[in-house]
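A short write-up of the structure that comes next.
Just so it is clear: chains get the letters A, B, ... in the order the sequence lines come, proteins before strands, and each one is counted from 1.
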There are 2 protein chains.
Amino acid sequence: MTGKLSAPPDRAHKTAPAQPEDKPKRGARAVDLRIYRAVFNAVMSQRLPPGTRLAEAELCELYQVSRTTVRRALLRLAHDHILELRPNRGAVVASPAPAEAREVFAARRLLERQIVPAVMRNATPADLTRLRQSIAAEHQACHAGDRANWIRLSGEFHLILAELAGNRVLLGFMTELVTRCSLIIALYDSPGSPMCENDEHQRLVSLIEQGLQDEATDLMERHLLKIEARLRLAERTQKLDLAQALSGQDLP
Amino acid sequence: MTGKLSAPPDRAHKTAPAQPEDKPKRGARAVDLRIYRAVFNAVMSQRLPPGTRLAEAELCELYQVSRTTVRRALLRLAHDHILELRPNRGAVVASPAPAEAREVFAARRLLERQIVPAVMRNATPADLTRLRQSIAAEHQACHAGDRANWIRLSGEFHLILAELAGNRVLLGFMTELVTRCSLIIALYDSPGSPMCENDEHQRLVSLIEQGLQDEATDLMERHLLKIEARLRLAERTQKLDLAQALSGQDLP
DNA sequence: GCGCGGAAACTTGTATACGAATCCTGCCCG
DNA sequence: CGGGCAGGATTCGTATACAAGTTTCCGCGC
């Protein structure tokens, strides 16, 4: 853990856009931030698979803090749809159903479709450079075979775009959506699918640079649809799923 | 208080779309829900003006619960941008700056622009009836001079629309946006502005019914812009604001 | 042998206690 | 007379203690 560039969203009860926050300010809030990030990264890297139960006492011992602190971190994680909190029964890693996954992707398409033109109105050459740097980092992780980091960096590219749209509220929504999408991808991506995408991010930046708004918007839409299409989101109910899964085993 | 139809968002760590929740299930979670709603309604009705400090001990005594419970409610309120939590300095009612207000409205326009066509794809006649009923309730509050309820019901109409779009994620975002807009309107609306709008909701439903997509989308956009335009969102810094406010008093 | 209580162990929910930071007041000094 | 500093009071942040709910497992009856 402790990937130094990991970027779990720090929003929530913060109006200011950004803060240094490099070193723990007073050793106060940094603690539950640490728990938040650790769980966040673990879930995203699939070290904590969906459905995993997170007992409070365990985390207490791991991080040497009281249950009060752990609880706050869990509450935030639940609010961001990374965990699910079941009353009196503890927290488990979220496992969004296919229907929910589709809705998350649909919402994301709806937002990003409109972010592209906003970026084109606002972006400076320096911003485009930033986007290209992000793409470079992404490719690097891709070629290194670091799947977890690739998923994260790939999401980060979209977050930079959202930031360039110049609306912090929108950026907050996109942060939540990208996070949830990453979780869904980690959950449902077909195992054998090729990790590297075919430079759609690169092409998108080019289209933005050239001012081709309709083409850029279109590419964004197709890009997101393609990602969703790769997922194994068979729309079966939990019951059928179970029946199907057992159908090959009951005759020895 | 205890307006029986008040609808503070219950989302967050809940995957299920809706629950009865009429009576307190076990007296357990209902308590901090009660605090949440009470503060929510009080802020929206401007009984708690922006900047008001909410001491934890006060709420503890009012609701006869421990600080633990109050704290959780405050955390949720802060996450929904109704309060602002300042470390070691307590919670205050949020007072979004003009710049933030603009961003909230911009984000809302962006989403609702796309919600209209989605509604037109999904809505049944029964849904349109629901919308018209909501409008009726809104007009009633309007004519009764109940400004606080009118703001709330007026927002509820938009939430029904979001619900009819058939995407729960989107509905969650819209819930947050409508809430924040209500707070902003309560903050910045010009005092003398007429409370009743000129039946734009009614016309919107008609256009949706007739299948005139472009016209409906356009009306929605203009509707939201009109609301924003009515606000007193002078882009002045806090300092200038103060200087201006005192300029009429220092020469007796 | 199988299913069904029931009690113990464990986990979560809530309240309370204590340490730390902030705010307020009054005093001292320039 | 005004500004700054120190001490007390208040309020927040964290840890701990106790109560209530859930899970587990064992023993009993069928």
Side-chain angles (χ1 to χ4, degrees), chain A residues 10 12-16 19-21 23-39 48 51-79 82-94 250, chain B residues 10 12-16 19 21 23-39 48 51-79 82-95 250:
Chain A
D10 186 20
H13 53 75
K14 280 275 174 75
T15 326
Q19 263 183 306
E21 197 116 35
K23 46 187 150 187
K25 214 176 298 185
R26 273 179 308 270
R29 274 266 268 292
V31 182
D32 64 305
L33 232 280
R34 217 174 79 230
I35 300 176
Y36 183 100
R37 296 191 178 193
V39 175
L48 289 176
T52 307
R53 193 153 158 287
L54 295 180
E56 297 177 1
E58 269 180 90
L59 294 169
C60 289
E61 223 177 308
L62 258 167
Y63 294 97
Q64 295 296 318
V65 292
S66 75
R67 276 181 53 220
T68 310
T69 306
V70 168
R71 227 151 202 310
R72 213 186 19 251
L74 292 180
L75 213 65
R76 285 187 57 191
L77 286 159
H79 194 118
I82 293 161
L83 303 181
E84 191 179 341
L85 250 46
R86 304 162 308 172
N88 279 318
R89 301 187 57 209
V92 296
V93 177
D250 44 7
Chain B
D10 187 21
H13 52 76
K14 278 275 173 75
T15 326
Q19 262 183 304
E21 199 115 33
K23 47 188 150 189
K25 214 178 299 183
R26 274 178 307 272
R29 275 265 268 291
V31 182
D32 62 307
L33 232 282
R34 217 174 81 230
I35 300 176
Y36 183 99
R37 296 193 178 193
V39 175
L48 290 176
T52 307
R53 193 153 160 287
L54 295 180
E56 298 177 1
E58 268 181 272
L59 294 169
C60 289
E61 224 178 307
L62 257 167
Y63 295 97
Q64 294 295 318
V65 292
S66 74
R67 276 182 53 218
T68 310
T69 305
V70 168
R71 229 153 196 317
R72 214 187 17 250
L74 292 180
L75 212 65
R76 285 187 57 192
L77 286 159
H79 195 121
I82 293 160
L83 302 181
E84 191 178 342
L85 251 48
R86 304 163 307 172
N88 279 315
R89 301 188 57 208
V92 295
V93 177
S95 48
D250 43 7

Which nucleotide in the set dT11(C), dG21(D), dA15(C) lies at the smallest distance from any side-chain heavy atom of Val65(B)?
-> dA15(C)
Closest to the Asn88(A) side chain, choosing from dA15(C), dG13(D), dG13(C) | dG13(C)
Output, in order, the C-alpha distance, side-chain angles, deciding distance and verdict of side-chain contact (heavy atoms from CB on, under 4.5 Å) for Val92(A) and Thr52(A).
-> CA-CA 5 Å; Val92(A) 296; Thr52(A) 307; over 6 Å; no
May I have the distance from [X] (atom [atom1]) to [N] (atom [atom2]), rounded to whole angstrom?
X	N	atom1	atom2	answer
Leu75(B)	dC12(D)	CG	P	14 Å
Arg71(B)	dT16(C)	CZ	C1'	14 Å
Leu74(A)	dT11(C)	CG	P	14 Å
Leu54(A)	dT12(C)	CG	P	10 Å
Glu56(A)	dT14(D)	CD	P	16 Å
Arg67(B)	dA15(D)	CZ	P	14 Å
Glu58(B)	dT11(D)	CD	C1'	11 Å
Gln64(B)	dT14(C)	CD	C1'	14 Å

Any [X] side-chain nitrogen or oxygen under 4.0 Å from OP1 or OP2 of [N]:
X	N	value
Thr69(A)	dA15(D)	yes
Ser66(B)	dA15(C)	yes
Arg72(B)	dT14(C)	yes

Between the side chain of Gln64(B) and the main-chain N/O of Glu61(B), is any donor-acceptor distance below 3.5 Å?
->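 Checking the backbone N and O of Glu61(B) against the side chain of Gln64(B), a donor-acceptor pair under 3.5 Å is found.
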Contact between [X] and [Y] at the side-chain level, heavy atoms closer than 4.5 Å - yes or no?
X	Y	answer
Leu77(B)	Leu54(B)	no
Arg76(B)	Leu33(B)	yes
Arg53(A)	Arg86(A)	yes

Report yes or no: is there a donor-acceptor pair, N or O only, under 3.5 Å between the side chain of Arg89(A) and the base of dG13(C)?
->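 No such pair is found, so the answer is no.
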